[in-house]
Amino acid sequence: MQPRFSASKIKSPYSYGFLVPAALIYGIVFLVPTAMSLFFSLTRWTLSDWTFVGLQNFRDFFDEYSLSIAIENTLIYAFSTSSLKVIFALLLAVLLTSALRTKDLLRAVIFFPSILSMLAVGMAFGSLMHPSKGLINTTLQLVGLQGPDWLGDTSIVLFSLVLVDVWKGLGVSMVIYIAGIQAIPKDYYEAAIIDGCNPFLKFLYITIPLVRPAMNSVIILSLISGLKTFGLIWAMTQGGPGYASDVLASVIYKQYVSGYFGLSLAGNVILLLIVSVIALPLYTFLNRNPLEF
Amino acid sequence: MKRSLNVFLMVLVLVVPTLALGAGGQGETEKPVISIIAQVTSINDGVNAVFAAAEQDLGIVVDLETIPSSAEGVNIIRSRIAADDLPDIIIFNAGALMQTTLNPERNLISLNGQPFLERFDNSYLDTVSMGNNIYGVPVLPANFGGIIYNRKVFSSLGLSIPKTWDEFLKTAQKVKNSGTGIVPVLSTLKNTWTSQMIPLADFYNVANSDRAFTQKYSNNEANYSNHPAAARSFEKLEDLAQEGLVNSDQFSTSYDDGMQMIAEGKGAMWPMLTQVIPIIAANYPEGVKDLGIFAIPGDDPTNTGLTVWMPNSFYVTKAAKNTDVIMKFLDYYTSEEALSIFMSSQVLGGALLEKNAPAPTDILPIVKDIMVYQENGRTEPALEFQSNIKGANLQQICASVLNGDMTASEGAAEADKDISKQAIQLGIPAWANK
Amino acid sequence: MKKNRFNIGWEILILILAVMIFLIPFYFILVTSMKTKAEAGLMQISLPSKFQMFENYFEVLTYRNGIVFRAFSNSIVLTVLSTVGIILASSMFSFILQRRSMGKKEKSILNFLLMVGLIIPPAIVPTYWVLNALNLYGRLSSLVLVEIAINFSYSSMLYIAFFETLPRSLDEAAIIDGCSSIRLFFQILFPLLQPVTITIGILSMVNIYNDFVNPLYFLPGSKNVTVQLTLYYFQGQFDSSWNLLFADVVLVSLPPLAFYIIFNRKMISGMTAGAVKG
């Protein structure tokens with residue numbers, strides 16, 4: 001349906017004035033410094049003086065020992081955590097917007113991990129995942145299984161980190177979905193009951209299509225946060241053992257922390273490009289048919 | 001509406017008692033205040049005791065802001081410098097890190113001419129200088145790096161202190177084959193920085209084999225790949241990895257775990273800095289008495305020595321206004337009186353650098369071991385205190401070698417790349433023509 | 001009222017499973033917070049052999065003249081102010097972006113700028129310069145602005161997605177009735193977005209409250225400590241007082257937890273379904 005206010009006859013109620021606070025804050029406090037940092041990515045910068053080096057930083061970045069590992073890890077991490085969250089959070093959200101009596105409690109329980117700080121989560125899981133003394137493996141031993149070295153075995157460390165990330169982030173995605181499900185007008189469901197629909201069909205034909213705005217948000221947000229993920233990995237393994245769990249963000253961080261400011265800014269630019277190449281088309285694709293209720 | 005009321009009430013409930021409590025702590029004071037920023041790990045009981053004494057005896061109040069000690073902390077200091085938001089004093093590392101991070105010529109006040117500098121040897125003063133200016137005085141004792149070992153384990157397994165690296169490997173093998181389950185060489189890689197201990201503490205052997213090494217290193221003539229003694233350092237890591245002499249769960253074993261294991265005799269040897277001693281003494285008062293230290297052996301049995309880590313130091317920034325008060329404070333901090341207070345509040349885990357330091361009483365056996373090396377002049381400051389070029393990724397590279405992911409030569413090559421990156425960043429001419 | 005479809009047995013089973021999966025790590029933190037320092041350092045999930053809960057919590061609360069209280073006050077004020085700012089700024093922005101018809105090009109530019117905020121972390125030093133130029137550096141207001149800017153992107157995206165669920169017929173009805181744009185937004189549309197506003201409120205509060213990096217950079221000074229920073233006090237000296245550290249973690253986690261429990265109910269009551277019909 002065409003919005004009626006695109007005609008120039010009627011003054012649009014959507015005045016640009018509403019953009020002013022956002023533009024001021026976001027523009028001045030964020031966009032301007034970011035633009036400046038783009039400039040500095042072309043320099044060798046010591047915070048007090050700089051020399052222009054053109055694209056040398058970018059070349060150096062691609063020369064990083066752990067770069068190929070980091071790119072691979074970043075993509076795996078992002079897509080795994082995102083898909084797990086997109087699917088399981090939806091299922092949980094549906095469960096927790098149903099007639100379940102314990103749903104308030106369950107929502108609080110599932111959301112709880114996202115309240116904890118990364119530091120706390122990193123430390124707690126660091127010890128839970130200890131190969132011999134940690135709770136996970138001692139529990140597995142009780143049923144006769146030998147648990148692996150979750151964080152020390154280079155072939156599975158990324159997988160362990162994905163699990164912890166999903167554990168922590170599931171609640172957030174779920175909450176977004178719940179808001180989305182609650183936005184679906186009840187009439188649709190009532191009409192479906194009258195038509196004799198069972199819960200599974202209701203889920204398939206009403207919930208999934210109409211929860212699209214929320215789903216799109218969850219997909220984009222979890223994917224982007226997965227691509228630039230840093231806090232959890234740093235708290236748990238700092239990219240180790242060795243370089244096995246390095247992702248782009250941790251490589252950049254290590255450069256930043258070693259004082260290679262220009263280089264790390266170049267890395268940020270590269271990260272921005274990678275994320276944009278993945279996320280922007282995805283965003284456009286997901287929003288191609290905006291939902292109209 | 002109800003929501004904003006809830007929020008308002010919460011804020012009220014939390015802010016009011018806080019303001020009441022907070023206000024109580026801030027009395028109006030006439031005493032001069034020195035603002036200091038320090039990483040959390042630089043502050044211990046001894047330091048706090050001296051700060052308290054300074055307030056009592058001199059009437060000088062220390063306003064201490066502590067920041068995280070990890071890389072994040074270094075970053076914060078860098079950012080404060082860039083924003084020109086400096087306290088009176090920064091407590092920070094000595095050596096290469098000081099020069100590259102603090103940019104002394106731009107940000108610090110020279111201490112040249114201050115009488116209290118007489119209390120220190122040039123070996124220390126050089127590490128807190130740049131050009132002809134001295135910038136720092138120590139906050140803590142100097143530390144030593146070597147192999148901490150458990151005497152009880154050694155005597156029960158009939159082991160003696162190895163004098164060469166081959167003997168060291170054999171000793172470790174004996175522990176491994178003893179069937180006691182004791183870890184031959186502890187590796188606590190949950191705290192990644194500990195991976196660097198052997199190459200760094202091995203520096204005594206490198207410097208000893210070639211007195212000109214440091215010079216060549218700074219001039220891009222010698223590095224870990226082309227200099228045999230330096231390359232040995234990496235090979236030592238590889239030996240440990242290949243012969244399986246470290247604990248298999250090394251990436252889950254933490255620094256804390258290491259302290260417990262060595263003190264309780266569950267590990268035989270631990271390449272580590274002596275800064276652990278006060279902490280072990282606090283947590284394992286009985287076990288700490290079983291510990292000793294010997295230098296990482298090289299290939300020459302007659303000449304082994306400990307590598308010295310210069311302590312974190314006070315640096316006075318250009319933002320300091322009350323320089324008289326500050327110099328008085330520094331003079332006090334390094335005086336005999338303050339040192340006695342320090343030593344009585346904190347178990348000694350190294351050696352105080354002040355020449356006028358009172359002789360320590362009640363020394364642990366391991367500290368006696370350190371003193372023997374010192375008295376015989378068998379110590380050498382670590383490389384980062386003799387050259388301002390230090391690679392930033394050494395710990396990860398070493399961890400990869402210990403893990404078997406990299407060979408010694410790969411590790412050495414990577415380390416060299418790392419070092420040259422830093423050198424180029426610093427704009428050192430010898431590396432400019434890459 | 002829907003019929004109770006589920007057997008109470010299943011519900012309890014699900015609850016137990018959820019509690020085990022999602023709460024055990026916190027249980028670990030809680031249990032460690034009650035141990036002695038040496039035992040805590042062993043990081044086992046066993047119950048404390050020597051129960052030291054009161055001493056530990058007391059020590060944390062009285063550490064350095066009760067700096068933890070001051071940290072709470074700072075964190076909470078910061079969080080509340082920033083969250084209110086985020087909600088206002090991003091909802092208003094999304095309102096225009098989603099509702100107003102603009103050229104495809106302009107829309108993509110705005111979308112891209114929004115994406116930038118999601119992906120790139122703030123550049124610390126240039127941000128200093130800007131804040132300094134505005135004479136705001138070091139004041140709480142500057143950190144509030146930074147937090148708003150950082151969280152602006154994702155909250156805008158959420159608002160945009162949920163504005164889609166509000167039919168334009170509402171807008172049109174209101175305009176016909178002579179509503180100004182301000183009234184349209186604040187009195188009609190915004191209240192209908194309550195679920196997503198609360199969601200964003202909760203997420204922002206948690207993010208800002210748990211953020212320790214930005215306060216360190218933009219609100220320095222020993223008086224300005226936030227709760228996350230206090231965790232570092234107990235990680236001193238290369239050894240960590242894990243028991244005190246985790247006691248601090250528990251204390252620090254209480255406000256967000258309390259807040260979530262209170263507002264969780266609001267989300268359940270859901271949207272006023274009535275406004276959308278007809």
Side-chain angles (χ1 to χ4, degrees), chain A residues 3-4 6 12-15 18-19 21-22 25-26 28-30 32-34 36-37 47 99-102 104 106-117 119-120 124-125 127-128 133 135 172 175-176 179 182-183 185-186 213 216-217 221 224 228 268 272 275-276 279-280 290-291 293, chain C residues 2 4-6 11 15 18-19 22-23 25 28-29 43 45 89 92-93 95-96 99-101 117-120 122-123 125-127 130 145-146 148-149 152 154 157-158 161-162 164-165 167-168 175 181 184 195-196 199 203 206 210 228 231 249 253 256-257 260-261 264 268 270-271 273 276:
Chain A
R4 280 160 58 185
S6 49
S12 169
Y14 308 119
S15 61
F18 279 93
L19 293 179
I25 297 179
Y26 186 66
I28 297 181
V29 176
F30 181 76
V32 166
T34 301
M36 286 165 78
S37 70
L47 289 186
L100 212 57
R101 272 166 292 200
T102 49
D104 290 358
L106 277 172
R107 283 188 205 181
V109 166
I110 297 176
F111 188 73
F112 184 75
S114 32
I115 286 171
L116 299 173
S117 68
L119 200 62
F125 271 94
S127 100
L128 289 174
K133 298 187 279 182
L135 185 68
V172 170
V175 151
I176 296 178
Q182 289 177 331
K186 308 267 183 283
N216 292 347
S217 301
L221 291 177
I224 292 184
K228 67 169 195 177
N268 264 340
L272 168 65
V275 175
S276 309
L280 280 177
L291 210 53
F293 278 94
Chain C
K2 293 184 182 166
N4 279 338
R5 231 181 288 268
F6 296 97
E11 293 198 22
L15 190 59
V19 166
F22 291 98
L23 295 189
F28 167 70
I29 292 175
M43 306 284 258
I45 202 158
M92 298 204 303
F93 178 84
F95 173 53
I96 300 304
R99 283 317 210 214
R100 187 184 176 111
S101 50
L118 268 185
I119 303 165
I120 295 197
V125 177
T127 313
V130 168
L145 291 177
V146 170
I148 293 176
F152 179 77
Y154 85 84
M157 295 188 68
L158 282 176
F162 282 86
E164 279 179 23
T165 69
R168 298 214 181 231
I175 303 287
S181 43
L184 169 63
V196 71
T199 304
L203 292 180
V206 169
N210 278 336
Q228 301 300 325
L231 294 178
V249 168
S253 309
L257 180 62
Y260 177 72
I261 290 179
N264 184 32
I268 298 165
M271 211 177 65
V276 195

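Nothing here was measured: the structure is a model prediction, and the numbers come from that model. FYI, side chains are in, hydrogens and waters are out, and symmetry mates aren't considered; it's all heavy atoms of this structure.
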Give, as side chain, backbone, both or neither, the part of [X] having an atom under 4.5 angstrom from any heavy atom of chain A.
| X | answer |
| --- | --- |
| C:L203 | side chain |
| C:I29 | side chain |
| C:V130 | side chain |
| C:V19 | both |

Taking all non-hydrogen atoms of both residues into account, name the closest pair between C:G117 and A:F30 and its distance.
CA-CE2, 3.5 Å
Which heavy-atom pair separates A:S114 from A:V172 by the least distance, and what is that distance?
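Shortest heavy-atom contact: CB-CG2, 3.7 Å.
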Does some side-chain heavy atom of A:V32 sit less than 4.5 Å from a side-chain heavy atom of A:M36?
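Yes, close enough: below the 4.5 Å cut-off.
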Side-chain contact, heavy-atom cut-off 4.5 Å: C:F162 with A:P213?
no
[X] portion near chain C, given a 4.5 angstrom heavy-atom threshold:
| X | answer |
| --- | --- |
| A:L135 | side chain |
| A:L221 | side chain |
| A:I28 | both |
| A:V109 | both |

Quick one: side chain to side chain contact (heavy atoms under 4.5 Å, CB included) partners of C:I96, sequence neighbours excluded?
A:Y14, A:Y16, A:F18, A:L19, C:R100, C:M102
Does C:F93 have any ring-ring contact (aromatic ring centres under 6.0 Å, His included) partners at least two apart in sequence or in another chain, and if so, which?
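Counting only residues at least two positions away or on another chain, C:F93 forms a ring-ring contact (aromatic ring centres under 6.0 Å, His included) with C:F152.
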Name the option with the most non-hydrogen atom pairs under 4.5 Å to chain A; the candidates are C:L15, C:V249, C:I148.
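If we count pairs closer than 4.5 Å to chain A, C:L15 comes out on top.
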Using a 4.5 angstrom heavy-atom cutoff, name the option from C:L118, C:V206, C:V146, C:V196 with the most pairs to chain A.
C:L118
CZ on C:F22 to CD1 on A:I110, rounded to 0.5 Å:
5.0 Å
